[in-house]
Protein chains: 2
Amino acid sequence: MGGVNRTRSGAGSDPRSRTRGGPGQAGANLLVVRSHNTALVLDLLRTAGSEGISRLELAERTGLTPQAVSKITARLREEGLAAEAGRRASTGGKRATVLRLVPEAGHAVGVHLDRDELRAVLVDLDGRVVAERRAELDLGAGATAVVGALAETAGELIADGGDALLGVGVAAPGPLDHDHGVLHRVTGFPEWDGFPLRDALAERLGVPVVVDKDTNAAALGLAVGGEGGSFAYLHLGTGLGAGLVIGDSVHRGPRTGAGEFGHQVIQLDGPPCHCGNRGCVEALCLAAVDRAEPAEAARVLGAGAANLAGLLDIDQVLLGGRTIAAAPEIFVRGVAAVLDERARREGALGTTVPVRLVPGGDRTVAEGAAQLLLAPLFGRANG
Amino acid sequence: MGGVNRTRSGAGSDPRSRTRGGPGQAGANLLVVRSHNTALVLDLLRTAGSEGISRLELAERTGLTPQAVSKITARLREEGLAAEAGRRASTGGKRATVLRLVPEAGHAVGVHLDRDELRAVLVDLDGRVVAERRAELDLGAGATAVVGALAETAGELIADGGDALLGVGVAAPGPLDHDHGVLHRVTGFPEWDGFPLRDALAERLGVPVVVDKDTNAAALGLAVGGEGGSFAYLHLGTGLGAGLVIGDSVHRGPRTGAGEFGHQVIQLDGPPCHCGNRGCVEALCLAAVDRAEPAEAARVLGAGAANLAGLLDIDQVLLGGRTIAAAPEIFVRGVAAVLDERARREGALGTTVPVRLVPGGDRTVAEGAAQLLLAPLFGRANG
DNA sequence: CCCACTTTCGCAACGCTGTTGCCAAAGTGC
DNA sequence: GCACTTTGGCAACAGCGTTGCGAAAGTGGG
């Protein structure tokens with residue numbers, strides 16, 4: 001079986017991977033080519049799902065020769081990551097063999113660390129949830145207690161996952177450093193400032209750990225789940241944030257600071273926001289919600305979304321979060337109205353930016369967190 | 001000599017380059033590796049400038065082995081793109097041979113097509129301006145007349161450039177389609193809507209032509225010119241626009257629509273803008289300029305810049321354009337003040353985003369337009 | 001039923017990439 | 001003058017995708 005672990009140890013033995021220091025860009029060698037093409041094929045296998053995909057189709061889609069695809073898939077089958085799954089009907093010649101991903105060849109744990117609860121899932125290579133845990137949590141109870149609870153919950157799921165476990169992804173609210181896995185000011189919980197969550201958890205569990213913002217995790221999950229192109233995931237809950245996917249990969253910025261959508265000023269010298277500034281979208285939007293004026297809240301949110309759409313020229317806006325879920329129709333229509341109006345003003349050029357409710361329920365963030373470990377296998381850049 | 005043309009014909013003979021259709025991503029083969037590494041080395045040679053750089057230094061910076069660098073540079077020297085340029089002092093052993101780019105091995109023409117004038121430059125591989133033309137122009141005079149003037153001016157410079165000419169880059173105002181080189185509504189000149197500028201000019205001149213927005217060209221020029229990381233170039237002239245560089249490459253978005261900074265709403269239901277909306281940064285900012293309140297204009301611009309910095313987590317804001325040039329100090333200080341204030345609110349995390357005046361004079365856009373052809377040689381993505 | 005044709009796909013040889021092992025050249029420093 | 005360090009080229013090598021070729025397994029016409 002071997003599964004995904006063998007692949008990883010193979011890649012890890014590359015003496016040159018991540019050896020470079022300083023500002024230099026990475027030169028490519030044959031190992032890079034190999035892992036790039038392998039990831040491409042794996043991604044197509046994953047996308048094909050239970051339907052499967054033939055070797056020649058893989059060749060067409062990747063631009064590689066059929067022979068190269070044969071070699072790559074042979075390796076994947078040997079490693080247990082891919083398998084033959086029947087044959088397709090003939091189109092005038094030999095019937096094509098259908099290949100599919102073996103989902104059980106690898107697993108990852110995704111944890112959504114929220115202010116008042118902990119939600120963890122174990123997912124397979126297909127991204128399907130295999131097991132789930134949930135626990136109440138008090139982020140203010142201190143690092144030791146929280147990390148303990150986190151490790152315990154994740155540990156239970158790891159035990160279920162067998163030996164092909166890629167690691168644990170943790171999605172947390174508030175500013176943090178994705179590259180180093182360190183939390184910054186979690187709003188309202190100053191004691192977390194600077195806490196090295198990734199290393200603490202990795203040492204405790206003995207598996208790789210990746211930390212990211214909740215909105216980024218959600219956006220990654222959506223991107224891997226099939227949302228193509230560039231899009232913004234806007235999350236309206238107790239706060240307002242965004243996850244940006246630009247060209248199939250999550251845009252975090254050099255300091256994991258990107259996506260600070262809520263404190264975009266759309267009302268110069270407007271009402272004060274808890275952040276200290278005035279006229280932030282978050283303040284205006286939530287105030288409208290409090291006044292029981294969801295249509296106005298949607299209009300405000302739409303204005304922010306339109307600004308973002310203009311700046312980045314994205315393909316889609318996805319809405320999610322508890323507050324959205326309370327009145328989904330109103331928000332989708334309200335935001336769409338602002339974007340449609342903007343497209344109308346732009347004339348022929350302005351294809352309107354579609355607005356949709358985020359598919360999936362309240363496990364979105366936890367599933368996305370698991371993708372922090374899975375996505376790199378499929379060539380989805382992670383930093 | 002050969003120069004850059006031989007390299008291009010070599011790459012063009014790749015039967016698989018750009019053959020793929022549909023949504024598939026590109027598989028990598030050895031030709032891709034070769035051109036990637038070659039571009040990496042060329043970029044380092046270019047960055048090193050007249051100082052030059054040794055083979056071992058190239059190896060360190062690229063992560064390639066010294067032997068690979070030797071092979072690559074040998075090829076470049078054979079093609080006339082690189083040359084030895086003396087020796088460095090010893091550090092305890094054999095003295096290192098210094099290599100440098102041969103700037104004359106390739107040229108490109110950059111044209112800044114503005115509303116009332118035409119500005120064209122011929123630059124070498126180093127990006128240095130070798131020749132320059134300038135002409136008055138009336139964008140409203142119709143496509144035939146304008147393309148004629150454009151072709152004539154560019155043609156004169158092409159004649160100066162010898163045989164190693166990569167092509168012509170054209171930077172134009174207003175919305176356009178970079179991928180297809182088609183103009184959209186140039187504000188105030190509806191007759192240009194849908195005009196295939198790239199193909200018209202390419203046929204006329206018989207050389208490759210690339211078209212882009214003026215702000216994108218300027219941003220590309222700045223990125224190639226040495227501005228590292230991610231930054232936003234804000235251009236305040238008769239209008240207000242932005243060019244975004246994210247991770248060393250220009251972000252245009254799928255429809256070349258990114259960077260629409262001016263019509264970002266920062267004053268909900270504010271004063272009407274000529275675009276049909278209300279409270280756009282451009283309207284507020286230019287109104288303040290008209291009222292002779294540059295400090296207020298800078299504050300408004302700063303608010304927009306802060307929104308952008310928060311959304312994208314960029315490293316730097318660069319200011320340019322005629323209106324900025326009229327009161328540079330006030331604008332730089334005013335915008336910086338807003339960003340500093342924002343960083344202060346963010347606390348320890350908030351490294352402030354530096355604001356600078358764009359270096360170089362009013363040739364910035366034309367030089368950037370030339371980089372539309374040069375940058376791909378150095379591995380700077382162009383799409 | 002047979003034969004020509006198409007489609008799928010693997011084996012073997014190949015070309016080209018960066019890598020490794022080795023050695024010569026050219027310096028420094030004792 | 002000798003030991004050592006640094007630079008960098010030559011040659012052999014491993015591994016990538018590619019090409020040439022042929023076997024296997026279908027379809028379809030006579």
Side-chain angles (χ1 to χ4, degrees), chain A residues 10-11 13-17 19-20 25-41 52-78 82 84-99, chain B residues 10-11 13-17 19-20 25-41 52-78 82 84-99:
Chain A
S13 71
D14 173 12
R16 265 196 46 251
S17 64
T19 307
R20 67 201 173 86
Q25 299 211 20
N29 57 18
L30 297 180
L31 271 171
V32 173
V33 172
R34 171 188 174 140
S35 58
H36 174 84
N37 289 341
T38 303
L40 232 54
V41 169
I53 185 170
S54 77
R55 288 176 178 78
L56 275 169
E57 218 171 320
L58 286 169
E60 270 178 50
R61 301 270 290 258
T62 56
L64 297 171
T65 60
Q67 196 47 234
V69 171
S70 273
K71 285 188 184 179
I72 292 168
T73 54
R75 227 167 28 222
L76 289 174
R77 287 194 304 158
E78 216 174 300
E84 299 198 341
R87 308 178 160 278
R88 208 159 266 174
S90 167
T91 60
K94 180 176 175 179
R95 294 165 61 191
T97 313
V98 171
L99 299 172
Chain B
S13 69
D14 173 14
R16 265 196 47 253
S17 65
T19 306
R20 68 197 171 87
Q25 299 213 19
N29 56 17
L30 296 180
L31 271 171
V32 173
V33 172
R34 174 188 171 136
S35 58
H36 173 85
N37 289 341
T38 304
L40 232 53
V41 168
I53 184 170
S54 78
R55 287 175 178 81
L56 275 168
E57 219 171 321
L58 286 170
E60 269 177 52
R61 302 270 291 255
T62 56
L64 297 171
T65 58
Q67 196 48 233
V69 171
S70 272
K71 286 187 182 177
I72 292 168
T73 53
R75 226 164 34 220
L76 289 175
R77 286 194 305 160
E78 216 172 297
E84 299 198 342
R87 309 178 160 277
R88 206 158 269 174
S90 166
T91 60
K94 181 176 173 179
R95 293 165 60 190
T97 314
V98 171
L99 299 171

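Chain identifiers are assigned alphabetically (A, B, ...) following the order of the sequence lines, protein sequences preceding nucleic acid strands; residue numbering begins at 1 within each chain.
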Can you tell me if the side-chain N/O atoms of R34(A) get under 4.0 Å from OP1 or OP2 in dC16(D)? yes
What's L30(B) touching, base or sugar-phosphate or nothing? Going by heavy atoms closer than 4.0 Å. base
Listed nucleotide nearest any side-chain atom of S90(B), set dG27(C), dC9(C), dT7(D): dG27(C)
Can you tell me if R55(A) touches the phosphate of dG10(C), counting only side-chain N or O atoms and a distance under 4.0 Å to OP1 or OP2? yes
DNA chain C: 5'-proximal contact among Q67(A) and G92(A) (nearest heavy atom): G92(A)
Could you state the CD-C1' distance from E57(A) to dT7(C), rounded to the nearest angstrom? 14 Å
Quick one, E84(B) and L99(B) - any side-chain contact, counting heavy atoms below 4.5 Å? yes
Counting the atoms with a prime plus P, OP1 and OP2 as sugar-phosphate, which does T97(A) contact under 4.0 Å by heavy atoms, base, sugar-phosphate, or nothing? sugar-phosphate
Is there a side-chain contact between L30(B) and L30(A) (heavy atoms, below 4.5 Å)? yes
Tell me which nucleotide among dC16(D), dT8(C), dG26(D) gets nearest to the side chain of V33(A). dC16(D)
Return no unless some side-chain N or O of T65(A) is found under 4.0 Å from OP1 or OP2 of dG17(D). no
On DNA chain D, more 5' by nearest nucleotide between P66(A) and G93(A) is P66(A)
Closest listed nucleotide, where the reference is the side chain of K71(B) and the choices are dT19(C), dG8(D), dT17(C): dT19(C)
Would you say dT17(C) has OP1 or OP2 under 4.0 Å from some side-chain N or O of N37(B)? no
Drop me the distance from Q67(B)'s CD to R55(B)'s CZ, to the nearest 0.5 angstrom. 10.0 Å
Against the side chain of K94(B), the closest entry in dT19(C), dT7(D), dG17(D) is dT7(D)
For R95(B) and R88(B), indicate whether the former's side chain and the latter's backbone hold a donor-acceptor pair under 3.5 Å. yes
